[in-house]
Amino acid sequence: MPATDDVVGIYVEGREFRLGDEEGQPASPEATFTLTGVRPYKRGVLARFEEVADRNGAEAVRGRTLLLAADAVRPLDEDEFFLHDLSGLEVETRSGDRIGVVIEVYEGGPAYLLAVDDGERELLIPFSGQMVERVDTQRGVIVIDPPPGLLDL
């Protein structure tokens, strides 16, 4: 499943990708794959690459992550960010109370979930417009307005 909401803008014929492992870390800095074709498939895409000649070659890279150089991605709008940029951000309430630090972002049904370490435990906070008031990557802060009791779970 693509980890982007811009499939058409990312999967462009002729674009080069690096191969990453299942966690998205680069597998080999020199291995690149040139996209020669793409089509929708179930909840993702099927992609063809110049360097993958047959089904055996495709099976060898199945389940791996495709990585794109940062300079190949369109510039983000002021209110946009990448999900991986959320890790390490401080989470606080609108009144300024510190909740903790984002340690992971999970895909969880209708909304992503922020795993937040408060120093004693891991809290799961829905990353939705009803909960998150502001993401300020420049300041390194996510401001939330949690309903009563959420932080006590």
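These numbers were taken from a predicted model, which means no experiment stands behind them.
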Same cluster or not: [X] versus [Y], using hydrophobic residues (I, L, V, M, F, W, Y) connected whenever any side-chain heavy atoms lie under 4.5 Å apart?
| X | Y | value |
| --- | --- | --- |
| V102 | V143 | no |
| Y112 | L123 | yes |
| Y106 | L151 | no |
| L113 | V116 | no |
| L35 | L66 | yes |

**Prompt:** Are E133 and R94 ion-paired here, with the side-chain N under 4.0 Å from a carboxylate O?
**Reply:**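 Salt bridge flag = yes for R94 with E133.
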Is there a side-chain contact between [X] and [Y] (heavy atoms, below 4.5 Å)?
| X | Y | answer |
| --- | --- | --- |
| F82 | T137 | no |
| V12 | V38 | no |
| M131 | L150 | yes |
| V135 | L86 | yes |
| D85 | L83 | no |
| L89 | V101 | no |
| L68 | R15 | yes |
| F33 | L19 | yes |

Interatomic spacing from [atom1] in [X] to [atom2] in [Y] - rounded to 0.5 Å:
| X | Y | atom1 | atom2 | answer |
| --- | --- | --- | --- | --- |
| T65 | R18 | OG1 | CZ | 12.0 Å |
| I142 | T93 | CD1 | OG1 | 13.5 Å |
| R39 | L46 | CZ | CG | 4.5 Å |

**Y11 ring center near F17 ring center (under 6.0 Å)** =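 Centroid distance Y11-F17: below 6.0 Å, so yes.
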**Message:** Quick one: does any side-chain atom of E80 pair with a main-chain N or O of D77 as donor and acceptor, under 3.5 Å?
**Reply:**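 Indeed, once roles are kept as given, a pair shorter than 3.5 Å links the two residues.
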Over 12 non-hydrogen atoms of neighbours within 6.0 angstrom of [atom1] in [X]:
| X | atom1 | result |
| --- | --- | --- |
| R74 | CZ | yes |
| R62 | CZ | no |
| R134 | CZ | no |

**Request:** Decide side chain to side chain donor-acceptor pair (under 3.5 Å) for E51 and T34; before the verdict, give the C-alpha distance in whole Å, the side-chain angles of both, and the deciding distance to 0.1 Å.
**Result:** CA-CA 7 Å; E51 297 77 8; T34 306; 3.2 Å; yes
Minimum heavy-atom separation for [X] and [Y], please, with both atom names.
| X | Y | answer |
| --- | --- | --- |
| T36 | F49 | OG1-N, 3.8 Å |
| D117 | E120 | OD1-N, 4.1 Å |
| F127 | L114 | CD1-CD1, 3.7 Å |
| L67 | G20 | CD1-CA, 3.9 Å |

